[in-house]
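In listed order, ligands and their atoms are each counted from 1. Basis for what follows: all heavy atoms, side chains included, without hydrogens, waters or symmetry-related copies. Just so it is clear, the model here is predicted, and its values are computed rather than measured. Residue numbers start at 1 and run along the sequence shown.
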Amino acid sequence: MRRYMSADLEFSPDQMRLMADAVVSRCIDHIASLDRQPSCGDVDAAALCRSMREAAPERGVALESLLEPLFRDWIPRSFTAPGPGYLAFIPGGGVFPAALADFIANTTNRYTGVWQAAPALVQLEANALDWLREWMDFPQDARGLFTAGGSMATFNAIVCARERHLGAEIRRGVLYTSDQAHHSILKSAKLAGVMPDRVRPIESDDRFRMRVDRLTDAIAADRKAGLTPFAVVSSAGTTNTGAVDPLDAIADVCARERIWHHIDGAYGAFFYLCDELRPALRGLPRADSLTLDPHKGMFLPYGTGALIVRDGAALRAAHEATAAYLPAMPHPSDFYDPSQHGPELSRGFPGLRVWLSIKMYGAAAFRAAINEKRALTIDAARRVAALPGIVMDAEPELSLFAFHLTWPGATLADEDAATKALMDQTTKRGRVMVTGCTAHGRYLGRVCVLSFRTHQEEIDALVEDMAAVIRGIRP
Ligand SMILES: *Cc1c(COP(=O)(O)O)cnc(C)c1O
């Protein structure tokens, strides 16, 4: 049968090999040059972006002509998030095995939404989830879900809590979180049908941790008003200052009050692998559910969050659904089925990138990397604290610390402006990228060490550059 050229989307094996080689070669060159790229890229690109708008082309062009502007003009116009000097926001880096896994998953394109369609592949995903469960000391009948990120994991957790405790009476339900919580919690609550007027931001203490006394007061007040407290979302490491809420005490409150305890561990959960930090994260395995972000603390490329739910049946109950056209449902119940534990049916294969990364590196390598980040942070915090005019507002509980700049006679407005200038000018020097935040009414500079590519050299650069900038800023 004659095929119309324009309808044929297949490439020959030789063509595919050439194209894949071209892509791989560009990607490897890119990775190899990361430590020479400016830490913050060049993101002032509004005019460029306007000039890039175009209609869909009627005819295709060769790959090479597209790779050239992509790698030369567009990729560099971004924060250098995979670079070793990225100490801004919450880094991760993007380990290479995960990229290989995505390539395999996308070229083999098997269907991992339901167990029957690719049982062995779904088993790999189940293994990867089970390894995370075990690392976090959750019980064996806990179940999990890979999501696109931490936000979606928290969304699914709130849905589970809502189903469990509110049924159809959603409007009565009240959710508690700290005034330092990540904004995704308010958003997830809203998506799960819990409106902002039913989310209580509980005051944090002078170390930015949720005040348990205020939490119990708020719960009591809501009960008295005829509402139904149903969930507390605590933080195992806030994005602002790295604060870890008193997880164990909050678990006690939730047990006593019979409400769901979800922990947002998108930044901090993987520090539970670090023996030194287990006491700081005490109570973490007691949670009803836990958000983890493999694309942060496991250094995967963006696109992978994870949720673990203590009562695996609750996760399943919130998401279970079937249709007449799907493969006959009943399969041995000891097999995990992604579409019965999450909102998606057709989906990518997130399990493979986690599985391949853990298999290739081994758990010990992840523990060593997370321990290294912790040690680098302690060193960085000690040296930054010793710089003239630096006041530490948040010592590193995990791998993030926050501070401001001061001098005799400085007002709060002076300090805010100087601290912001310190972050901006340190970043401008091109070796490290740092960002700030506003917490408890003042601007804080912050440093977060969580890229697997960050080592001692970048910490030395951070301290040197901050010292030089401070000399130019302080009167
Ligand atoms: C990053 C982060 C989130 C959101 O996770 P995404 O993966 O970006 O969706 C939530 N909470 C904390 C503490 C985070 O650091």
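Ligand 1 has Gly237 within reach: a non-hydrogen atom of the residue lies less than 4.0 Å from it.
Closest to atom 12 (C) of ligand 1 by heavy atom, among Val233, Leu450, Thr147, Asp264, is Asp264. Comparing Gln180, Lys296, Lys187, His182 against atom 10 (C) of ligand 1, the shortest heavy-atom distance belongs to His182.
The side-chain heavy atoms of Val447 and Phe403, taken from C-beta on, include a pair separated by under 4.5 Å. Side chains of Leu412 and Glu415 form a contact here, defined as non-hydrogen atoms less than 4.5 Å apart.
Looking only at heavy atoms of the protein, atom 6 (P) of ligand 1 is closest to Gly150 N, 3.4 Å. The shortest contact between atom 13 (C) of ligand 1 and any protein heavy atom is with Thr239 OG1, 3.2 Å. In terms of protein heavy atoms, atom 7 (O) of ligand 1 is closest to Asp293 OD2, 2.6 Å.
With ligand atoms numbered from 1 in the order given, ligand 1 contributes 15 (O) to contacts under 4.0 Å with heavy atoms of Tyr267. Interface of Ala266 with ligand 1, defined as ligand atoms under 4.0 Å from a residue heavy atom, comprises 2 (C), 3 (C), 10 (C), 11 (N), 12 (C), 14 (C). Within ligand 1, counting atoms from 1 as listed, the ones closer than 4.0 Å to a heavy atom of Ile90 are 15 (O). For ligand 1, the atoms sitting less than 4.0 Å from at least one non-hydrogen atom of Gly149 are 7 (O), 9 (O), numbered in the order shown with element in parentheses. Shown in contact with Ser151 at under 4.0 Å from a heavy atom are these atoms of ligand 1, numbered in order with element: 4 (C), 5 (O), 6 (P), 9 (O).
Ligand 1 has no N or O atom lying under 3.5 Å from any N or O atom of Ser184, backbone or side chain.
Using a 4.0 Å cut-off between heavy atoms, Met152 makes no contact with ligand 1 at all.
Ring to ring, Phe366 and Phe270 are not that close: their centroids are 6.0 angstrom or more apart.
For Arg164 and Asp288, the salt-bridge test fails: no basic side-chain N is under 4.0 Å from an acidic carboxylate O. At a threshold of 4.0 Å, the pair Asp245-Arg209 does not count as salt-bridged, since none of the basic side-chain nitrogens sits closer than that to a carboxylate oxygen.
Phe230 does not carry Arg162 over the face of its six-membered ring by the limits of under 6.0 Å from the centre and within 45° of the normal.
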**OP:** Determine, stepwise, if the pair Asn156 / His262 fulfils side-chain contact (heavy atoms from CB on, under 4.5 Å).
**Re:** CA-CA 11 Å; Asn156 283 109; His262 176 75; over 6 Å; no

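Taking CD1 of Ile378 as the start and CD of Glu395 as the end, the distance is 8.5 Å to the nearest 0.5 Å. Considering CG of Leu124 and OG1 of Thr112, their distance stands at 10.5 Å, rounded to 0.5 Å.
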